[in-house]
Undergrad: 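There's a structure below that I have some questions on.
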Amino acid sequence: MKQVEAVVANINDLNNGEMRQVSVGEIEILLSRIDGKFYAVSAHCAHYGAPLADGVLSGERVICPWHNACFDVTTGDQLEPPGLDSLARYEVRIEGENVIVSVPEQTPELRSLLPQASPTMAQFNPNVDGRTFVILGAGAAGIHAAEALRVAGYQGRIVMITQEDKLPYDRTKLSKAYLTGKASPEEMPLRTPDFFPEHAIEVLLNHQVERVQTTNKAIAFTNGDSLTYDSLLVATGGKPRQLDIPGTDLQNIFTLRSFADSDRILTAIKQKGKAVVIGSSFIGMEAAASLSQQGLQVTVISPDSVPFKKILGEEIGKIFQQVHEENGVSFKFGRKAVEFAGSDKVEAVILDNSDRLQADIVIVGVGVQPATDFLEGVELHPKDDSVVVDEYLCAGDSIYAAGDIARYPDWRTNESIRVEHWRVAAQQGRIAAHNMAGKAVKFRGLPFFWTMQFKFSLRYIGHAQSWDEMIVDGDLQKQQFVAFYIKNNQVLAAATSHRDTEAAAISELMRLNQMPTVEELRHGKVDLIQRQPEVSSKR
């Protein structure tokens, strides 16, 4: 293929540990200098296209400023999700003091992590590896696990099973871009239909599991089918909690978890009108923002006094409330729904103080329950029926769990935790797959989630079930801040808004166990980006 070359920098333009975005023709490139050598890869993140030059470079690792995907700048390989692909890598040569990058005339900016020689279904040979690895669930954990099995060199049969009628899709868009109409159905799938047979990944759609018998490694389905496995990953996610009140059988009362849920809601809101959202969870609040942007009058009912108080604290929760109210959303705090009223369709929501709220549509967002009731012979946690796993995400003999259902030991605190984040599910799916393939890899992922409600963007790094103190750097009211959550004199988590590069730096510093001390944070600003010699930015 014909190559195009261009001088993109002088060798003195970048110091070791620095990066910048350059161009060769129309192709944008991330140029970095590591130990005196220059490297060139795609300039934009493989997830949502964020400019990686706005992120943080730590050794050979670049952390995306938007959602903390990580890549090796020397190879382009993706090291941490979200996203599934790696970056393209370009040839670099030095001529005198000129840094010259060579790119193909036409080149994709992304490439699959999977080996090019992965077997197709037609080439699959059970005599090479006669094992069957089954993945229950086609969400973030499931799709990342299926691909990671091939990356790890597993050549046996892979069967991914979902009760939905859709191939793996981007669930994070359901309550945001898709519900506001900014993302089309065609933008939702994570892979093309051809991808799965090309890499010998069987996907069984519309298959509801009735039970998993771990003693004989057998799966029974409600349609009468059955399947045996050699190793199993359970990644079935959560089931939306329902309200046990009169009127739940009325039409236009929805939960929001699946593609089908969003489609039903979009059909119902074509007539606009009034919407009631029950619960100030992230799903509930994102749905409220999306429905408001679709032109509906929205009221949120919550037993709490402020959104996200238990997760983010009262101060930040009030900012979310303020942003919503400025955009027309109303709140009924300290209240519960006790009845849905109407004939065929819901017409009103009755509150515990006898108030009656008119409603043309209701979204119930009161959390999820781990989908594990079909499991036999697996330890479930008494608190929520989550699957108890060890640091390798193993739940028993040849059975693993990942994502919303997995209760795992936090390597930073030794606490047993369960985290309902898309990125954590993807991270765990990869690690579980490598362990299924015979490797011994401990899960040391760092939780990260993001939300966008109207124009208020928030990133959250780490995990704090409770905290003794919150230290804020910046201005909460201007929505430009970093908030640190402290417990036992340790920074357990941080929430940021419009401080994306610092969010990436915090993520890396937490991973390296090099966060500033609490005293340093209390007594003045700390340059998080330049905190450690391993961590440097584009500056």
Side-chain angles (χ1 to χ4, degrees), residues 139 162-166 169 171 173-185 188 205-206 208 222-223 236-303 324 327-332 335-369 371 373 453:
T162 175
Q163 64 183 8
E164 297 188 53
D165 61 356
K166 296 283 193 300
Y169 57 86
R171 197 181 301 275
K173 292 181 178 179
L174 289 178
S175 57
K176 298 188 282 287
Y178 190 64
L179 200 58
T180 59
K182 295 176 182 177
S184 67
M188 297 295 286
L205 304 176
N206 300 305
Q208 175 73 47
T222 56
N223 65 1
T236 42
K239 299 183 294 183
R241 296 182 185 276
Q242 305 287 347
L243 292 177
D244 185 17
I245 61 176
T248 54
D249 57 343
L250 292 172
Q251 295 179 36
N252 285 2
I253 299 173
F254 304 99
T255 55
L256 177 50
R257 179 72 181 178
S258 68
F259 211 135
D261 291 337
S262 290
D263 281 342
R264 285 191 286 266
I265 292 169
L266 286 171
T267 298
I269 65 174
K270 287 180 179 178
Q271 302 303 317
K272 307 305 180 187
K274 295 184 178 181
V276 171
V277 175
I278 300 177
S280 55
S281 64
F282 279 99
I283 287 294
M285 292 288 284
E286 288 176 355
S290 295
L291 294 179
S292 177
Q293 291 174 79
Q294 287 275 32
L296 282 81
Q297 297 179 44
V298 181
T299 301
V300 177
I301 302 169
S302 174
H324 276 255
N327 286 276
V329 177
S330 300
F331 289 90
K332 295 288 185 179
R335 301 267 67 95
K336 293 182 179 180
V338 296
E339 183 182 352
F340 297 125
S343 49
D344 295 327
K345 295 181 180 180
V346 66
E347 297 173 8
V349 180
I350 313 301
L351 304 187
D352 53 0
N353 64 350
S354 299
D355 280 357
R356 182 184 181 94
L357 300 180
Q358 184 180 341
D360 300 296
I361 180 174
V362 172
I363 308 294
V364 178
V366 293
V368 298
Q369 172 74 22
D373 53 356
Q453 297 175 30

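Since we're looking at a predicted model, the values are computed, not measured.
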Undergrad: Quick one: are Val364 and Ile253 in side-chain contact, heavy atoms under 4.5 Å?
TA: yes
Undergrad: For Lys173, does the NZ atom have more than 12 heavy-atom neighbours from other residues, nucleotides or ligands under 6.0 Å away?
TA: yes
Undergrad: So do the side chains of Ser262 and Phe254 get within less than 4.5 Å of each other, counting heavy atoms only?
TA: no
Undergrad: Just by distance, do the side chain of Ser292 and the backbone of Ala288 share a donor-acceptor pair under 3.5 Å?
TA: no
Undergrad: Calculate, to the nearest 0.5 Å, the distance between atoms CG and CD belonging to Asp360 and Gln297 respectively.
TA: 9.0 Å
Undergrad: Do the side chains of Lys182 and Gln293 get nearer than 4.5 Å, heavy atoms only?
TA: yes
Undergrad: Could you give me the CA-CA distance, side-chain angles and deciding distance for Thr162 and Leu205, then say whether side chain to side chain contact (heavy atoms under 4.5 Å, CB included) is met?
TA: CA-CA 5 Å; Thr162 175; Leu205 304 176; 3.5 Å; yes
Undergrad: Where is the tightest heavy-atom contact between Ala268 and Asn252, given as atom of each residue plus distance?
TA: CB-OD1, 3.9 Å
Undergrad: Nearest heavy-atom pair of Thr255 and Ile265: which atoms, and what distance?
TA: O-CD1, 4.2 Å
Undergrad: Does any non-hydrogen side-chain atom of Asp165 lie less than 4.5 Å from one of Phe259?
TA: no
Undergrad: From Ser258 OG over to Lys239 NZ, what is the distance, rounded to the nearest 0.5 angstrom?
TA: 14.0 Å
Undergrad: If you measure from OG on Ser175 to CD on Gln453, what distance do you get to the nearest 0.5 Å?
TA: 8.5 Å
Undergrad: Considering non-hydrogen atoms only, spot the tightest contact between Val346 and Phe340 and give its length.
TA: CG2-CB, 4.2 Å
Undergrad: Which heavy atom of Ile301 sits nearest a heavy atom of Arg335, and at what distance?
TA: CG2-O, 3.7 Å
Undergrad: Would you please name every residue forming a side-chain contact (heavy atoms from CB on, under 4.5 Å) with Thr267, sequence neighbours left out?
TA: none
Undergrad: Give, for atom CD1 of Ile278 and atom CG of Leu351, the distance between the pair rounded to the nearest 0.5 Å.
TA: 8.5 Å
Undergrad: Is the shortest side-chain heavy-atom distance between Leu266 and Gln294 below 4.5 Å?
TA: yes
Undergrad: Of the options Val300, Ile283, Val277, which is the one that meets Ile363 in a side-chain contact (heavy atoms from CB on, under 4.5 Å)?
TA: Val277
Undergrad: Considering all heavy atoms of both residues, which atom of Thr299 and which atom of Lys332 are nearest to each other, and what is their separation?
TA: CG2-CG, 4.0 Å
Undergrad: Is it the case that more than 12 heavy atoms not belonging to Lys176 sit under 6.0 Å from its NZ atom?
TA: yes
Undergrad: Going by side chain to side chain donor-acceptor pair (under 3.5 Å), name the pairs with one or both residues in residues 269-278, residues two or more places apart or in two chains.
TA: none
Undergrad: Has the side chain of Asp263 got a donor or acceptor atom that lies under 3.5 Å from a matching backbone atom of Ala260?
TA: no
Undergrad: Taking the side chain as every heavy atom from C-beta outward, state whether Glu286 and Leu256 have any pair of such atoms under 4.5 Å apart.
TA: no
Undergrad: In Å and rounded to the nearest 0.5 Å, what is the CG to OG1 distance from Leu243 to Thr248?
TA: 8.0 Å
Undergrad: Between Arg257 (side chain) and Gly238 (backbone), is there a donor-acceptor pair under 3.5 Å?
TA: yes
Undergrad: Knowing that exactly one of Val338, Val362, Ile245 qualifies, which makes a side-chain contact (heavy atoms from CB on, under 4.5 Å) with Val349?
TA: Val362
Undergrad: I'd like to know if the side chain of Ser281 and the backbone of Gly365 have a donor-acceptor N/O pair within less than 3.5 Å.
TA: yes
Undergrad: Using every non-hydrogen atom in the two residues, find where Ser280 and Met285 come nearest and quote the distance to one decimal.
TA: O-CG, 3.7 Å
Undergrad: Hey, could you give me the CD1/CG distance between Ile350 and Leu357, rounded to the nearest 0.5 Å?
TA: 8.0 Å
